[in-house]
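The model shown is predicted, which means the values in this text are computed figures rather than measured ones. Chain naming here is simple, since letters A, B, ... match the order of the sequence lines and numbering starts at 1 in each. Just so you know, these numbers use all the heavy atoms, side chains as well, and skip hydrogens, waters and symmetry mates.
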Amino acid sequence: MPELPEVETTRRGIAPHVLGRAVRAVTVRESRLRWPVAEELQTLLPGSRFSETRRRGKYLLLKTELGWLMIHLGMSGSLRLVSGDEPVKKHDHVDIELDNGMILRYHDPRRFGALLWVREPDSHALLCELGPEPLEPGFDGAYLHGRAQGKSLAIKSFIMDSHVVVGVGNIYANEALFRAGIHPDRAAGRVAKARYEKLAEAIRAVLTEAIRIGGTTLRDFVGGDGAPGYFQQKLNVYGRGGQTCRVCGELLKESRHNNRATVFCPRCQT
DNA sequence: ACTGGCACCTGGGCGC
DNA sequence: TGCGCCCAGGTGCCAG
């Protein structure tokens, strides 16, 4: 599920329910995630109070007096608030019980996600090398163009590198390249600055739109099953290989970059 | 320094 | 129905 819009939607969904709340207890049913669930969740988190939520790329950060709980949802993770009597389902790995009885429940079938403890987010190894936020100042065509100089890798792989820009996963990489009219195979270093301007704008547009739509499903984070399928009807290329291009009618082609599915229109994207 | 490929997991869908 | 195969929204790490 989670690309940047999903992570941001999760942050906005849980923020009003955790801010100002203290943690009553933590239950770890399965600690074998991408990295072992941090011991501090059980030694430091109980008794602490959440005072701030933040997102950096696809990492979610919840501040307490003693440090930050850092959460990554991996490929299949989700975080939602449930009432204390909600039955535990398979793959509900971690419960963080709040002082009002609600539970922040981490669910992750594939276990590619992570729950870590960090003292200082800005200097943490996983965060300090990350590229700019695509929706904040500092990310634009000039920046991308500059970073691409001398690079021979495919532009799709380039924009999916979190050291270049965070939060552009496979769906939105495909969609942004389509909107910008750029062929995904093109060498990053051989794309003109003007086209990077268009690409930066396309990345901002698809992410902003997805967050906007995701915002309408915020209620799902409390109670419901929290499985929004919102962006589907907006997709122009992702998952549409072999179907016709919505703009020109050409058959959409499929390929792969770094073992990730790529879909593009051979006529619109050059 | 770059780049491509692999690893970590489970579950769903498909063809036989 | 069952089995085996392929695929999946991420990303750190490794070898060449």
| Applying the 4.5 Å side-chain criterion to the ILVMFWY set and letting contacts propagate, would A:Val165 and A:Phe178 be lumped into a single cluster? | no
| Closest heavy-atom pair and its distance - A:Leu41, A:Val26 | O-CG2, 3.2 Å
| request: May I ask you to decide whether A:Arg204 forms a salt bridge with A:Glu209, counting only side-chain N to carboxylate O separations under 4.0 Å? | output: no
| field | A:Leu153 side-chain proximity, nearest of C:dT11, B:dG11, B:dG4 | value | B:dG4
| request: For atom CZ of A:Arg32, decide whether the heavy atoms of other residues, nucleotides or ligands shown that lie under 6.0 angstrom number more than 12. | output: no
| message | Nearest to the A:Arg110 side chain among C:dT11, C:dG9, B:dT10, which nucleotide is it? | response | B:dT10
| request: Tell me whether the OP1 or OP2 atom of B:dG11 has a side-chain N or O from A:His91 closer than 4.0 Å. | output: yes
| Which heavy-atom pair separates A:His17 from A:Gly13 by the least distance, and what is that distance? | CD2-O, 3.2 Å
| Using centres under 5.5 Å plus planes under 30 degrees as the test, is A:Phe112 stacked with B:dC8? | yes
| Side chains of A:His257 and A:Asp185, donor plus acceptor under 3.5 Å | yes
| Any ion pair linking A:Asp99 and A:Arg24 (charged N to carboxylate O, less than 4.0 Å)? | no
| field | Integer angstrom distance from the P of B:dG5 to that of C:dC7 | value | 15 Å
| request: Compare side-chain N and O positions of A:Tyr238 against OP1 and OP2 of C:dG9 and report whether any pair is under 4.0 Å apart. | output: yes
| remark: Within residues 123-136 of chain A, the residues having a heavy atom closer than 4.0 Å to DNA chain B are none
| message | When you measure from the side-chain N and O atoms of A:Asn259 to the phosphate of B:dG5, is any distance below 4.0 Å, counting only OP1 and OP2? | response | no
| said: At less than 3.5 Å, do the side-chain atoms of A:Arg111 and the base atoms of B:dT10 form a donor-acceptor pair? | reply: no
| message | If you only use heavy atoms from C-beta on, which nucleotide in C:dA8, B:dT3, C:dG10 is closest to the side chain of A:Glu3? | response | C:dG10
| query | Any stems for DNA chain C, made of 3 or more Watson-Crick or G-U pairs in a row, each with both distances under 3.5 Å? | reply | B:2-8 with C:10-16, B:10-16 with C:2-8
| query | Between A:Lys58 and A:Glu6, is there a salt bridge with N-O shorter than 4.0 Å? | reply | no
| said: Is the phosphate of B:dT3 approached by A:Ser152 (side-chain N or O, under 4.0 Å from OP1 or OP2)? | reply: yes
| task | Have a look at A:Phe158 and say if it touches a base, only the backbone sugar-phosphate, or nothing, with a 4.0 Å heavy-atom cut-off. | result | nothing
| message | Measuring from atom CG of A:Leu33 to atom OH of A:Tyr106, what distance do you get when rounded to the nearest 0.5 angstrom? | response | 5.5 Å
| A:Pro109 side chain, from C-beta outward: closest of C:dG9, B:dG11, C:dA8 | B:dG11
| Could you state the CZ-P distance from A:Arg32 to B:dA7, rounded to the nearest angstrom? | 19 Å
| Rounded distance in Å between the P positions of B:dC9 and C:dC14 | 16 Å
| note | Atom CG of A:Asp161 and atom P of C:dT11 are separated, to the nearest Å, by 11 Å
| Side-chain N or O of A:Lys90 less than 4.0 angstrom from OP1 or OP2 on B:dT10? | no
| Rounding to the closest angstrom, what is the interatomic distance between B:dG11 and C:dG12 at atom P? | 25 Å
| query | Taking CG from A:Leu115 and C1' from C:dG10, how many angstroms apart are they, rounded to a whole number? | reply | 15 Å
| query | For the side chain of A:Arg260, counting heavy atoms from C-beta on, which of C:dT11, B:dG4, C:dA8 is nearest? | reply | C:dT11
| request: Just compare C:dG10, C:dA8, B:dG11 and give me whichever is closest to any side-chain atom of A:His72. | output: C:dG10
| task | Show the numbers, then the answer: is there a side chain to side chain donor-acceptor pair (under 3.5 Å) between A:His107 and A:Asp92? | result | CA-CA 4 Å; A:His107 175 90; A:Asp92 283 345; 2.7 Å; yes
